[in-house]
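Working notes for the structure below.
Please read all numbers here as calculations on a predicted model, not as lab measurements.
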Amino acid sequence: MQAHPKLPLPVQAGYATADIGLNAVETALRLYVLVFYTDAVGLSAALGGLAASLAIVWDAVTDPIMGVISDRTRHRFGGRRMWLVPGGLSLALGVLAVFFPPALASQSAKFGWLLGSFCFLNTGMTVLSVPFQAMAGEMTEDPHQRNVLFGWRFAFANVGALVAAALPQLFLVPGETTAATLPQVSLVAALLVVVTALTSWAATAKVRFLQPPLQPQSFVGAFAAPFANRAFRPLLLAYVVASVGIGVNATAFFYYYRHVLRLPEDRTLVVLATFMAVFTLSIAVWVQLARRFGKRRPLVVGACVLGVGTALLYWLAPGVERRFELVLWVGAVGLGGFVGSVVLIDAMLTDVLDHDCVRTRQLRSGLFFGVWRFAGKVARALAVAFAGLALDAAGFVEGAADQPPSVATALTWMFGPGVGAAFVLTACVLGRYRFDERKQAQVRAILARRAAGRRAVTPASAR
């Protein structure tokens with residue numbers, strides 16, 4: 001590792017651009033894939049949830065493998081940067097495959113198509129996203145610049161999420177549901193993935209990446225290595241719990257608004273787009289709070305407020321006459337501003353990477369991000385499977401406008417107290433997190449001394 005100059009603004013923004021396409025697809029999958037296959041394709045909720053969860057588990061398994069592969073990649077196009085182009089093209093093809101299924105008659109055929117096309121999509125997602133995320137730790141060794149890169153990434157990721165939330169409104173025809181618009185939405189999302197991946201690839205062409213030495217290690221040993229880091233384990237637990245809450249919330253969103261609140265489709269999309277916009281704008285506020293108070297304390301407070309507020313609001317909302325105004329202003333605007341606190345968990349991982357570098361004298365960004373994404377996707381798979389099985393157990397009828405009362409009851413418990421409890425538990429785990437700002441400063445001081453020593457030795461050795 002060598003001292004690197006400050007990254008120019010176009011490089012910072014250009015690098016982060018790929019997150020627009022990535023998160024547009026990620027948001028579309030979280031919100032729409034199950035409702036599309038139950039309402040438009042006619043797949044049962046239990047089989048749809050099972051197929052989606054198995055595909056997400058496949059995605060999770062491939063993440064740490066891709067992390068090790070990208071750690072070992074040495075190429076004239078910039079190491080792991082070379083994966084952005086094939087990853088973007090594969091992901092775009094996968095999106096089209098998922099949302100353009102052929103005419104299928106049987107439940108088993110519909111299940112098989114969703115499973116196969118979703119696995120292909122997730123493979124492309126892995127090839128693009130794991131190297132892309134790990135690049136941030138190797139574009140600079142300056143902690144503040146890394147935080148800035150994560151700030152750009154979070155902002156652009158939420159632009160992608162906002163695009164995914166708003167696109168169905170453009171294609172929505174009166175009398176139709178959001179599910180009918182998703183083939184058109186997927187075309188836009190696929191194009192966005194290709195354009196943004198190529199933009200990130202081009203913007204980072206002249207970056208002098210940190211190139212850690214290759215470390216011979218088996219895939220199994222590499223996967224287990226991050227768990228030896230004591231600062232990583234509790235942070236990962238908090239991330240998994242939060243991911244379960246987010247996964248249930250996203251999967252049940254349209255079902256809750258349609259079958260519990262009984263809001264028209266256009267109003268549901270207004271709430272969703274408003275939430276995404278507020279969420280995006282709030283990130284800058286949470287980044288500034290993290291700079292002043294550290295990342296952990298704002299995150300704990302934000303997760304607590306989000307958890308309690310979610311549990312109360314969505315438990316009480318069905319009984320309120322002006323429920324649209326309530327969920328719009330209290331949910332989308334009020335609670336949406338606190339969701340930005342949760343993204344600080346990802347930024348805290350960069351501090352753990354520094355801690356690991358002190359311990360091992362290795363920079364293993366790809367490995368840690370691979371395991372991180374593995375755990376998050378397993379959590380998401382569990383959330384999707386749980387939502388599908390819960391709907392099926394409650395008597396959900398695929399494609400039906402009117403559902404039994406038991407479906408509304410199950411959705412209310414899932415979307416309100418269930419999601420709220422996950423965020424409160426996240427706050428409890430992080431409230432006891434011991435790798436605080438003081439210890440982070442000590443780690444960075446050690447790395448700075450090592451870097452200064454290398455700079456002092458290099459000229460002498462050259463003589």
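Between Val333 and Val278, the shortest heavy-atom contact is O-CG1, 3.5 Å. The shortest heavy-atom contact between Thr412 and Tyr256 is CA-CE1, 4.0 Å. When every heavy atom of Thr27 is checked against every heavy atom of Met276, the shortest pair comes out as CG2-CE, 3.8 Å. Between Thr38 and Val35, the shortest heavy-atom distance links the atoms OG1-O, 3.3 Å. Across all non-hydrogen atoms, the minimal contact from Ala179 to Ala40 is CB-CB, 4.1 Å. Across all their heavy atoms, Leu411 and Tyr255 have their closest contact at CD1-O, 3.5 Å.
The shortest side-chain heavy-atom distance between Thr204 and Met135 falls under the 4.5 Å cut-off. Two residues are said to be in side-chain contact when any heavy atoms from C-beta on lie closer than 4.5 Å; Leu349 and Ile345 fail this criterion. Contact annotation: the side chain of Arg434 never approaches that of Arg230 to less than 4.5 Å [non-hydrogen atoms, C-beta and beyond]. Between Leu272 and Leu31 the shortest side-chain heavy-atom distance falls below 4.5 Å. Counting heavy atoms from C-beta outward, Leu47 and Tyr37 have side chains that stay 4.5 Å or more apart. For the pair Leu269/Asp266, no side-chain contact is recorded, criterion being any heavy-atom separation below 4.5 Å from C-beta on. Counting heavy atoms from C-beta outward, Leu128 and Leu84 have side chains that approach closer than 4.5 Å. Here the side chains of Met66 and Pro131 are in contact, with some heavy-atom distance below 4.5 Å.
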For residues 414-426, tabulate all N or O donor-acceptor pairs below 3.5 Å that involve a side-chain atom, not counting sequence neighbours.
| residue | atom | partner | partner atom | Å |
| --- | --- | --- | --- | --- |
| Thr426 | OG1 | Ala242 | N | 3.3 |
| Thr426 | OG1 | Ala422 | O | 2.9 |

Mind listing the side-chain donor-acceptor pairs of residues 297-317 below 3.5 Å, one per line with the distance, residues two or more places apart or on another chain?
| residue | atom | partner | partner atom | Å |
| --- | --- | --- | --- | --- |
| Arg297 | NE | Phe293 | O | 3.2 |
| Arg297 | NH2 | Phe293 | O | 2.9 |
| Thr310 | OG1 | Leu306 | O | 2.7 |

Residues 376-396 side chain polar contacts: donor-acceptor under 3.5 Å, at least two apart:
| residue | atom | partner | partner atom | Å |
| --- | --- | --- | --- | --- |
| Lys377 | NZ | Asp59 | OD1 | 2.9 |
| Lys377 | NZ | Asp59 | OD2 | 2.5 |
| Lys377 | NZ | Asp63 | OD2 | 3.1 |
| Arg380 | NH1 | Glu26 | OE2 | 2.7 |

Side-chain polar contacts of residues 321-330 - donor-acceptor pairs under 3.5 angstrom, sequence neighbours left out - could you list them?
| residue | atom | partner | partner atom | Å |
| --- | --- | --- | --- | --- |
| Arg322 | NH2 | Glu325 | OE2 | 3.4 |
| Arg323 | NE | Val320 | O | 3.1 |
| Arg323 | NH1 | Leu261 | O | 3.2 |
| Arg323 | NH2 | Pro318 | O | 2.8 |

Show every donor-acceptor pair shorter than 3.5 Å between a side-chain atom in residues 114-125 and any protein atom, with sequence neighbours excluded, or say none if there are none.
| residue | atom | partner | partner atom | Å |
| --- | --- | --- | --- | --- |
| Ser117 | OG | Trp113 | O | 2.7 |
| Ser117 | OG | Leu114 | O | 3.4 |
| Asn122 | ND2 | Ala55 | O | 3.0 |
| Asn122 | ND2 | Phe118 | O | 3.4 |
| Thr123 | OG1 | Trp58 | NE1 | 2.9 |
| Thr123 | OG1 | Cys119 | O | 2.9 |

Pair Phe275-Val339, side chain to side chain contact (heavy atoms under 4.5 Å, CB included): steps then yes or no: CA-CA 9 Å; Phe275 168 80; Val339 177; 3.6 Å; yes
Worked verdict on Thr268 versus Phe253 for side chain to side chain contact (heavy atoms under 4.5 Å, CB included): CA-CA 9 Å; Thr268 298; Phe253 176 83; 3.6 Å; yes
Steps toward side chain to side chain contact (heavy atoms under 4.5 Å, CB included) verdict (Phe435, Arg296): CA-CA 9 Å; Phe435 187 48; Arg296 185 181 65 87; over 6 Å; no
Verdict with supporting geometry, Val241 and Leu237, side chain to side chain contact (heavy atoms under 4.5 Å, CB included): CA-CA 6 Å; Val241 174; Leu237 175 61; 4.2 Å; yes
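One distance of note links CZ of Phe111 with CG of Leu54; it measures 5.5 Å at 0.5 Å rounding. Taken from CD1 in Ile246 to CZ in Arg30, the straight-line distance is 6.5 Å, to the nearest 0.5 Å. To the nearest 0.5 Å, atoms CG (Leu162) and CZ (Phe156) are separated by 13.5 Å. Separation of atoms CG (Leu289) and OG (Ser341) is listed at 10.0 Å; rounding is to 0.5 Å. One distance of note links CE of Met348 with CG of Leu430; it measures 5.5 Å at 0.5 Å rounding. Taking CD1 of Ile283 as the reference point, atom CH2 of Trp152 lies at 12.5 Å (rounded to 0.5 Å).
Taking the six-membered ring where the residue is Trp, the centroids of Phe368 and Trp372 are separated by 6.0 Å or more.
The 12-atom threshold is exceeded at CZ of Arg359, counting heavy atoms of other residues, nucleotides or ligands nearer than 6.0 Å.
Using modelled atom types and a 3.5 Å distance limit, the side chains of Ser186 and Tyr32 yield no donor-acceptor pair. Thr62 and Thr126 share a donor-acceptor pair across their side chains, judged by distance under 3.5 Å alone. Side-chain polar atoms of Thr177 and Glu265 form no donor-acceptor pair below 3.5 angstrom.
Every residue two or more places apart in sequence or in another chain that forms a side chain to side chain contact (heavy atoms under 4.5 Å, CB included) with Val11 is listed here: Leu7, Pro8, Met139, Val207.
With hydrogens and angles disregarded, a donor-acceptor distance shorter than 3.5 Å links the side chain of Thr280 to the backbone of Asn158. Counting only distance, with no hydrogens or angles, the side chain of Thr251 and the backbone of Val248 share no donor-acceptor pair below 3.5 Å. Under a 3.5 Å cut-off, the side chain of Asp19 and the backbone N or O of Ala157 do not form any donor-acceptor pair.
A salt bridge links Arg258 with Asp39; the closest basic N to acidic carboxylate O contact falls under 4.0 Å. Between Lys439 and Asp436, none of the side-chain N atoms (NZ, or NE/NH1/NH2) sits under 4.0 Å from a carboxylate O, so this pair counts as no salt bridge. At a threshold of 4.0 Å, the pair Arg153-Asp346 does not count as salt-bridged, since none of the basic side-chain nitrogens sits closer than that to a carboxylate oxygen.
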